[in-house]
Amino acid sequence: MITLDALPFGMAPEDLIALAAGLSAVMVIIAMWLALVERDPLAAKARSLAERRTRLKAAAVTPRRRESMRGVSLMRQVVKRFNLLKSNQADRIAQKLARAGWRSQDATIAYLFAKVVMPFVAAAVAALLLFGMQILDQPRMHLLGLTIAAGVAGLYLPELYVKNEADKRRDKLRKSLPDGLDLMVICAEAGLGLDAILHRVARELGRTHPELADELALTGVELGFLPERRMALTNLAKRTDLPGLRGMVNTLLQTEKYGTPLSQSLRVLSAELRNERLMRAEEKAARLPAIMTVPMIVFILPPLFVVLIGPAILRIMDTLSAV
């Protein structure tokens with residue numbers, strides 16, 4: 001028998017029965033609603049895909065390597081003052097910066113501003129060191145020539161920096177492409193379309209190969225809103241300027257045009273890239289003896305001669321001094 005002292009909050013047995021009956025009624029109503037309400041899984045899936053496409057587009061269009069630049073407004077004013085953005089080389093510069101990983105307009109403005117300012121900065125620093133601090137004791141004409149040479153070098157410094165960054169990024173893309181193609185083959189054999197393959201591979205390679213993941217994600221987004229799929233794939237080849245990716249783009253275009261199996265084409269291309277990487281490694285191994293010849297002559301042979309011939313020379317010197 002339930003006593004009044006055993007119930008919490010001073011509840012009576014009638015209150016407990018009424019509470020249990022109310023909870024049971026609520027559970028029955030929820031169960032009937034879940035059983036009778038018509039669900040639309042396709043609408044929910046389409047909504048989730050649209051949200052994901054929006055997130056991918058925002059993440060791909062905004063470069064990962066983009067840094068917050070202070071004084072961008074001042075740079076923009078200088079660039080607009082000289083009318084540099086409307087020059088014929090602006091598109092070529094933007095494409096060059098995209099190959100280095102910078103796709104924003106701020107990066108183009110910073111590059112053009114550096115091209116304008118760096119010659120004067122380099123010449124001013126050289127003049128300060130040569131004429132102000134007098135670190136070199138040379139005639140003034142020679143110092144003036146060095147100052148002009150520093151200004152000319154400053155003109156090419158931004159271009160050299162961008163070229164170095166583009167080469168580094170291209171090398172990372174070349175090394176990560178076979179792994180990306182293997183994942184694309186697996187996704188193609190699983191029955192995914194090209195858009196889904198690019199998004200899936202980009203998500204899987206986000207940590208290990210961020211450069212390739214960035215390019216594939218951007219290509220997947222462009223496939224969704226560009227009028228022609230060929231344009232998105234062609235943009236991928238132009239942005240990277242890599243023979244392996246150009247081959248992949250040509251393979252995808254031919255597959256879409258002639259209807260050949262996508263997984264088989266990607267598997268053949270992946271095998272070719274892996275063989276190319278193996279041959280490149282063998283080539284570096286074959287060059288190793290020639291590269292090691294000079295260090296061996298300079299650093300190994302002299303100590304070896306000292307160890308082998310040194311005692312004999314010392315013994316001869318002792319013998320001659322004793323005579």
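These figures come from a predicted structure and were not determined experimentally.
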*Option among Glu276, Glu283, Glu282 that satisfies the side chain to side chain donor-acceptor pair (under 3.5 Å) test with Arg280*: Glu276
*Please check if Phe120 and Ile148 belong to a single hydrophobic cluster, counting links between Ile, Leu, Val, Met, Phe, Trp and Tyr side chain heavy atoms closer than 4.5 Å.*
no
*Please list, chain by chain and in numerical order, all residues satisfying salt bridge (charged side-chain N to carboxylate O under 4.0 Å, His left out) with Lys238, sequence neighbours excluded.*
none
*Would you name the heavy atoms of Ser270 and Asp182 that are closest together and state the gap between them?*
OG-OD1, 2.6 Å
*Please confirm whether the backbone N or O of Met231 pairs with a side-chain atom of Asn235, one donor and one acceptor, at under 3.5 Å?*
yes
*Roughly how far, to the nearest 0.5 Å, is OG1 of Thr219 from CE of Met248?*
7.0 Å
_Are the side chains of Asn164 and Lys168 in contact, using a 4.5 Å heavy-atom criterion?_
yes
*When clusters are formed from ILVMFWY side-chain contacts under 4.5 Å, directly or step by step, what else is grouped with Leu160?*
none
*Using side chain to side chain contact (heavy atoms under 4.5 Å, CB included) as the criterion, list what pairs up with Ile29, not counting sequence neighbours.*
none
*Would you call Ser176 and Glu211 a side-chain contact if the rule is heavy atoms closer than 4.5 Å?*
no
*asked:* Between Ile297 and Leu308, is there shared hydrophobic-cluster membership here, with clusters defined by ILVMFWY side-chain heavy atoms closer than 4.5 Å?
replied: yes
*Please say which of Leu242, Leu212, Thr240 ends up in a side-chain contact (heavy atoms from CB on, under 4.5 Å) with Arg174.*
Leu242
*Spacing of CG belonging to Leu245 relative to CG belonging to Leu177, to within rounding of 0.5 Å*: 5.0 Å
*In Å, rounded to the nearest 0.5 Å, how long is the span from CG of Asp241 to CG of Leu173?*
11.0 Å
*Which residues satisfy the salt bridge (charged side-chain N to carboxylate O under 4.0 Å, His left out) test with Arg239, sequence neighbours excluded?*
Glu215, Glu222
*asked:* Quick one, Arg200 and Ile186 - any side-chain contact, counting heavy atoms below 4.5 Å?
replied: no
*Please identify each residue that fulfils side-chain hydrogen bond (donor to acceptor under 3.5 Å, both in side chains) with Asn250, with sequence neighbours left out.*
none
*Does Asp179 reach the side chain of Arg274, with side-chain heavy atoms less than 4.5 Å apart?*
yes
*Heavy-atom neighbours of Gln264 CD exceed 12 at 6.0 Å*: no
*Which distance, rounded to the nearest 0.5 Å, do you find between the CG of Leu194 and the NE2 of His199?*
9.5 Å
*Work out which heavy atom in Gly154 is nearest to a heavy atom in Met118; give both atom names and the distance.*
O-CB, 3.2 Å
*Search all heavy atoms of Thr255 against all heavy atoms of Ser265 and return the closest pair with its distance.*
OG1-OG, 3.6 Å
*Do Ile93 and Val116 belong together in a cluster built from hydrophobic side chains that touch within less than 4.5 Å?*
yes
*Smallest separation among heavy atoms of Pro119 and Ala114, with atom names*: CD-O, 4.1 Å
*Looking at side-chain heavy atoms only, is the closest gap between Leu266 and Leu252 below 4.5 Å?*
yes
*asked:* With heavy-atom distances below 4.5 Å as the criterion, would you say the side chains of Leu136 and His142 are in contact?
replied: no
*Does the side chain of Leu262 reach to within under 4.5 Å of the side chain of Ile197, using non-hydrogen atoms?*
yes
_Separation between CE of Met184 and CG of Leu205, rounded to the nearest 0.5 Å_ = 10.0 Å
*Can you tell me how far CG of Leu233 sits from CG of Leu198, rounded to the nearest 0.5 angstrom?*
7.5 Å
*With a 4.5 Å heavy-atom cut-off, do Asp171 and Asp167 have their side chains touching?*
no
_Please tell me whether Leu183 and Val268 are part of a single hydrophobic cluster in this structure, the criterion being side-chain heavy atoms less than 4.5 Å apart._
no
*Look at atom CZ of Arg140 and say whether more than 12 heavy atoms of other residues, nucleotides or ligands are closer to it than 6.0 Å.*
no
*Would you confirm whether Arg230, through its side chain, and Leu253, through its main-chain N or O, come within 3.5 Å as a donor-acceptor pair?*
no
_Shortest non-hydrogen contact from Leu143 toward Phe131_ = CB-CZ, 3.6 Å
*Taking only residues two or more places apart in sequence, or in another chain, which ones meet Glu159 in a side chain to side chain contact (heavy atoms under 4.5 Å, CB included)?*
Lys96, Tyr111, Lys115, Tyr156
*Check whether Val162 and Val117 end up in the same hydrophobic cluster, where Ile, Leu, Val, Met, Phe, Trp and Tyr are linked by side-chain heavy atoms less than 4.5 Å apart.*
yes
_Ala123 to Thr147 - nearest heavy-atom pair and separation_ = O-CG2, 3.5 Å
_Run Arg229 and Asp195 through side chain to side chain contact (heavy atoms under 4.5 Å, CB included) and show every step you take._
CA-CA 10 Å; Arg229 299 169 67 89; Asp195 300 9; 3.3 Å; yes
